Visitor: 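One structure, as structure tokens, below. Some questions next.
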Amino acid sequence: MNAQLTPNIIKPEKEWPQRLLGTAIILTTIWLLAGIIIIFRNDLINKRLDNMLNNFYNWCGTQGLVLEDIIIDGRDRTTLQELNEKISLNRGDNILKIDIHALKQKIEELPWIKEANIKRSYFPHVLSIQLTEKKVHAIWQINEKFYPLDADGNVINANFEITEPILLIVGEGAPQNFKLLMAILKNAGSEYISRVKVANFISQRRWNLILDDIRSGVTIKLPEEDIEGAWKKLVDLDKSKGIFKRKLTILDLRLKDKIVVKLRKGPTGELPNLSFGSEHNL
């Protein structure tokens, strides 16, 4: 009798539905990512929104939302011609299309403008521009030329006519160190700042100050280091001993433990309670 042989065949479970589903998910993800990339690459959403916004602005313009006037406050040294070149707007322009931020940046490029604040108003349709101009705090002399400086020591690249007494600073590197010097002088006694007529930055290392009069005032030689301590010591000495009432031409503060003075007439002398020293260059 012949035995019936059973073939060694293993039938796996049908997996094609799962494979089909996985493939579909992968393809969908790819298409979705590709669509997002295309949208962002071509900036389609932003372009569409910009078109809609422009259409809305244009419609508003047809309804009368147009620029009627520009009001400017705070202008002193800046000319109207300079402002007109930067503003470049006309009566009847669509007031909604004016880019306030870009206009602010343009105006602040002008040499005298420190800050410009711009506001739109409606009924009437007016653009209000509030200007804050830079103030000249000193004149910098370098290579026989003169430049106005603001409070931070920045050069103002504009014409400036001196109409009243103003602090003169001299020397290479002086503007970069001007703000720190003024802060030190103010902290030690603000009432003395107005007496400083000239600040000479010597060899880009230290300051010489001339008080009261450019030609005949007393010269104060400040040290390279601890300017604040030296100036405060001098101010305290003047308040207690009236040192600035003496007939002096030079007060040398470069030595740490003593102040060297030079009298207006006669040889170098000694003030009461001060160490004696001779006038010399260090």
Side-chain angles (χ1 to χ4, degrees), residues 135-144 146-155 162 164-282:
K135 294 182 179 180
V136 179
H137 286 256
I139 296 295
W140 176 38
Q141 179 183 346
I142 186 73
N143 298 328
E144 299 183 355
F146 298 87
Y147 305 91
L149 300 180
D150 65 13
D152 295 323
N154 298 317
V155 174
I162 301 175
E164 57 185 18
I166 191 169
L167 174 63
L168 175 68
I169 71 168
V170 183
E172 187 176 353
Q176 293 86 338
N177 294 274
F178 169 72
K179 184 178 181 180
L180 177 59
L181 175 66
M182 290 297 102
I184 289 174
L185 299 184
K186 184 176 181 179
N187 289 339
S190 58
E191 66 273 21
Y192 288 87
I193 291 183
S194 60
R195 299 183 62 177
V196 179
K197 303 304 179 183
V198 179
N200 190 359
F201 198 48
I202 307 296
S203 302
Q204 300 189 56
R205 297 185 297 109
R206 63 172 195 84
W207 293 95
N208 278 357
L209 307 180
I210 300 178
L211 268 59
D212 299 329
D213 187 271
I214 292 179
R215 294 179 177 83
S216 60
V218 57
T219 297
I220 299 173
K221 297 186 176 184
L222 295 174
E224 286 187 57
E225 299 179 355
D226 194 19
I227 301 175
E228 187 168 8
W231 178 254
K232 187 177 186 304
K233 179 171 63 175
L234 184 61
V235 169
D236 292 341
L237 187 62
D238 181 58
K239 290 180 178 179
S240 61
K241 303 294 183 180
I243 191 172
F244 288 139
K245 295 178 182 178
R246 311 297 178 93
K247 294 181 178 180
L248 307 175
T249 58
I250 294 176
L251 278 163
D252 195 337
L253 306 177
R254 291 177 292 175
L255 296 177
K256 185 176 181 181
D257 299 325
K258 60 182 177 181
I259 297 177
V260 180
V261 301
K262 184 176 182 180
L263 298 175
R264 188 169 300 280
K265 292 182 180 180
T268 300
E270 179 184 4
L271 292 179
N273 301 325
L274 294 178
S275 299
F276 178 81
S278 59
E279 170 61 17
H280 54 281
N281 293 323
L282 297 180

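Quick caveat: nothing in here was measured; it's all calculated off a predicted structure.
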Visitor: List for me each residue that meets side chain to side chain donor-acceptor pair (under 3.5 Å) alongside D212, sequence neighbours excluded, and say none if there are none.
Guide: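 With sequence neighbours excluded, D212 shows a side chain to side chain donor-acceptor pair (under 3.5 Å) to R195, given in chain and number order.
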Visitor: Side chain to side chain contact (heavy atoms under 4.5 Å, CB included) with D236: which residues, sequence neighbours excluded?
Guide: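 D236: side chain to side chain contact (heavy atoms under 4.5 Å, CB included) contacts with K232.
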Visitor: Less than 4.5 Å apart, side chain to side chain, heavy atoms only: is that true for L211 and V196?
Guide: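 Answer yes - side chains close enough.
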Visitor: Can you find a pair of side-chain heavy atoms, one from L263 and one from L248, that are under 4.5 Å apart?
Guide: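 L263 vs L248: side chains touch.
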Visitor: Please list, chain by chain and in numerical order, all residues satisfying salt bridge (charged side-chain N to carboxylate O under 4.0 Å, His left out) with K179, sequence neighbours excluded.
Guide: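 D152.
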Visitor: Heavy atoms only: give me the nearest I220-W231 pair and the separation to one decimal.
Guide: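 Reported closest heavy-atom pair: CD1-CZ3, 3.7 Å.
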Visitor: Taking the side chain as every heavy atom from C-beta outward, state whether D150 and V136 have any atom pair closer than 4.5 Å.
Guide: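 A side-chain contact under 4.5 Å is absent here.
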Visitor: To the nearest 0.5 Å, what is the distance between CD (E225) and CZ (R205)?
Guide: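 Answer for the CD-CZ pair, E225 versus R205, is 11.0 Å.
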Visitor: Is any side-chain heavy atom of I169 closer than 4.5 Å to a side-chain heavy atom of L181?
Guide: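 A side-chain contact is absent here, since even the closest heavy-atom pair is not under 4.5 Å.
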Visitor: Can you tell me how far the CZ atom of R246 sits from the CG atom of L251, to the nearest 0.5 Å?
Guide: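 Output value for this atom pair is 10.5 Å.
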Visitor: Do the non-hydrogen side-chain atoms of Y192 and D238 ever get within less than 4.5 Å of each other?
Guide: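 Counting from C-beta outward, Y192 and D238 do come under 4.5 Å.
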Visitor: Report, one line per pair, each donor and acceptor closer than 3.5 Å where one atom sits in a side chain of residues 170-178; sequence neighbours left out.
Guide:
residue	atom	partner	partner atom	Å
N177	ND2	G173	O	2.8

Visitor: Counting only heavy atoms from other residues, nucleotides and ligands, does the tally under 6.0 Å from NZ of K233 exceed 12?
Guide: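 More than 12 within 6.0 Å, yes.
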Visitor: Which residue pairs pass the ring-ring contact (aromatic ring centres under 6.0 Å, His included) test with at least one member in residues 202-229, sequence neighbours excluded?
Guide: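 For residues 202-229: F201-W207.
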Visitor: Is the backbone of L253 close enough, under 3.5 Å, to the side chain of K256 for a donor and an acceptor to pair up by distance?
Guide: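 Checking the backbone N and O of L253 against the side chain of K256, no donor-acceptor pair under 3.5 Å is found.
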Visitor: Do M182 and L167 have side-chain heavy atoms sitting under 4.5 Å apart?
Guide: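 M182 vs L167: side chains touch.
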Visitor: For S240, what residues pass the side chain to side chain donor-acceptor pair (under 3.5 Å) criterion, not counting sequence neighbours?
Guide: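 With sequence neighbours excluded, S240 shows a side chain to side chain donor-acceptor pair (under 3.5 Å) to no residue whatsoever.
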Visitor: Looking only at heavy atoms, which two atoms of E224 and I227 are closest? And how far apart?
Guide: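 Residues E224 and I227, closest heavy atoms: O-CG1, 4.1 Å.
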